[in-house]
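Every chain is numbered from 1 and lettered A, B, ... according to where its sequence line falls, protein lines coming before strand lines. These numbers come from a predicted model, not from an experiment.
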Amino acid sequence: MLLIDVARVSEEVSRTSSRLGKIGHLAELLGRVRSEEAELAIAYLYGELPQRQIGVGWRSLQDLPAPRQIATMTLTRVNDLFDEIKRQGGAGSQAARKALVGELFGGLTQQEQAFLIRLLSGELRQGALEGAMIEAVAKASGAPSAEVRRALTLRGWLPAVGAAALAGGVEALRGFHVEVGRPVAPMLAQSAPSMAAALAKVGEPAALEWKIDGIRVQAHRAGETVAAFTRTLDDITAQVPELVEAVRALPYDDLILDGEVIALRADGRPEPFQVTASRVASRVDVAKMRAKTPLSVFFFDALRVAGRDLLDLTDTERHDALRAAVPDNLLIPRLTTGDVPEAEAFFAEVVRRGHEGVVVKSPKTPYAAGRRGAGWIKVKPRHTLDLVVLAVEWGHGRREGRLSNLHLGARAPETGGFVMLGKTFKGLTDELLAWQTERFLALADGPTDGWTVKVRPEQVVEVAFDAVQTSSRYPGGMALRFARVLRYREDKRAEEADTVETVRSLMF
DNA sequence: TTCCGACAGTGGGGTCGCAAT
DNA sequence: ATTGCGACCCCACTATCGGAA
């Protein structure tokens with residue numbers, strides 16, 4: 001199959017607003033792809049590469065050769081070039097990589113180039129990704145989408161599942177099973193603004209668990225072999241020897257457990273997320289890092305114990321199996337209750353201990369792998385500040401032509417100025433986007449680089465955030481984590497905004 | 001007919017490792 | 001030695017479609 005066929009379908013999908021329409025276009029292409037190229041077609045059409053990454057990002061996609069008129073590039077040839085690009089390494093590799101990227105793009109038409117740029121920069125922006133592709137595979141293969149989802153849960157790579165479905169239908173999908181050593185897409189949590197809201201969503205009684213601010217890890221053990229995978233299924237076994245040792249010491253040798261690794265201080269309180277992230281990301285001298293910043297591991301779910309798959313069991317049943325396999329000191333603290341005051345006391349205690357919040361779990365739900373199911377609801381405390389908008393950036397995509405991303409500043413009374421604490425684009429409705437575009441154009445002040453519009457510091461905005469963290473990027477040495485807009489404060493003047501000192505007092 | 005679950009999009013700060021400067 | 005880039009860790013929130021109620 002030619003790349004142009006895929007690029008054309010992608011464009012068609014972009015133009016179609018109906019979700020069923022998008023699925024139809026995708027399925028139509030899957031219906032005519034040769035089986036050897038099915039995996040490639042599926043991957044490219046939902047924004048993935050079989051290579052996962054090839055070391056080419058937005059910067060490497062500048063200054064591309066002129067397009068050709070005639071489309072001749074096949075999917076197989078694209079894949080071969082991706083392989084070659086990925087293999088480049090060592091001194092001079094950037095030049096070699098650039099040459100290969102040039103060779104690839106020099107063989108493409110305008111439309112194909114545009115498609116590959118979007119694919120490689122991770123922004124397909126066609127309104128259809130994995131969810132739509134699952135349905136398209138189901139439609140093209142004649143298999144129920146639930147079967148496709150199930151196989152995907154167990155295999156973790158949709159192109160492989162899709163190719164199997166297209167070749168062998170439901171029968172082939174049923175051939176996928178849990179394999180120790182191959183990660184399962186982890187279940188994710190929705191969020192709620194309060195414990196009461198979370199309990200109401202779940203329906204009481206619920207299991208409450210500490211939410212600790214570390215790195216999600218899925219641990220596998222087959223015999224004496226242990227492996228650890230992140231949320232995106234990357235193998236980080238080498239970076240977490242503490243986990244490997246802990247799992248190897250368990251009394252079962254055929255296991256898949258779900259948990260979190262985190263760096264704790266000597267007094268048991270959590271280190272800031274940055275410390276845990278630094279430790280887990282370090283690959284060069286793990287032993288040295290470990291001596292300085294040891295990791296603790298805590299488990300909260302079990303997908304397989306003693307060779308028995310637990311995915312379809314209820315939360316309660318899985319937790320019983322977990323407790324049988326893991327000693328108490330490796331378990332995330334948990335309380336089952338339907339009582340709101342009791343739940344709120346639990347929440348307050350978790351926060352008092354310095355942890356991130358609570359996950360409220362429905363006792364009856366199975367492990368909804370890869371989904372943000374209603375079975376898990378996270379609740380976190382929320383801080384707010386009244387800050388001043390210092391500048392605004394033009395938006396992309398559906399926000400094109402709107403001023404979108406706000407630069408936020410706290411008041412610095414001693415200088416009479418403002419200190420930037422970060423940016424946010426979250427929490428804005430279309431109505432608010434329209435309003436702020438007009439408002440900030442009216443406040444525009446000074447030269448613009450065509451991207452960022454500086455404004456007179458007069459507009460106060462109430463911002464919610466999770467924490468203040470140390471920052472080497474911003475002048476105050478601190479930045480907001482997960483900042484989002486709550487509302488504009490038309491009743492407040494900039495001189496009444498929160499100060500840098502107030503923000504500093506919120507750091508831990 | 002209305003409601004709500006699932007998805008996709010729009011970007012945020014921080015960290016590491018590597019190659020180029 | 002420093003800087004830029006790619007990849008990946010954490011992520012919140014809104015709009016939209018279409019099936020559920």
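Which of dA6(B), dG13(B), dT10(B) sits closest to the side chain of Gln469(A) comes down to dG13(B).
Residues satisfying the side chain to side chain contact (heavy atoms under 4.5 Å, CB included) criterion with Pro144(A), sequence neighbours excluded, are Glu147(A), Val170(A).
Listed pair His396(A) / dG9(B) fails the phosphate criterion, with no side-chain N or O lying under 4.0 Å from OP1 or OP2.
Following rounding to the nearest Å, Tyr474(A) (OH) and dG12(B) (C1') show an atom-to-atom distance of 8 Å. Between the CG atom of Leu124(A) and the C1' atom of dT10(B) there is a distance of 15 Å, rounded to whole Å.
Contacts of Asp234(A) with the nucleic acid, taken as non-hydrogen atoms under 4.0 Å apart, involve only primed sugar atoms and P, OP1 or OP2. Contact annotation for Glu130(A): backbone-only contact, meaning every heavy-atom pair under 4.0 Å involves sugar-phosphate atoms and none involves a base. Counting any heavy atom pair closer than 4.0 Å across all strands shown, Ser404(A) reaches sugar-phosphate atoms only and no base atom. Looking at heavy-atom distances under 4.0 Å, Thr424(A) makes no contact with the nucleic acid at all. Ala277(A) comes within 4.0 angstrom of no nucleic acid atom, judged by non-hydrogen atoms across all strands. Nucleic acid contact for Gln239(A): none, since no nucleic acid atom lies under 4.0 Å from a heavy atom of the residue.
In this structure, CG on Leu64(A) lies 7.5 Å from NZ on Lys98(A), to the nearest 0.5 angstrom.
Nearest-nucleotide assignment on DNA chain C puts the 5′-proximal partner with Ile236(A), out of Ile236(A) and Lys378(A).
Look at dC7(B): it lacks any Watson-Crick or wobble partner with both distances under 3.5 angstrom.
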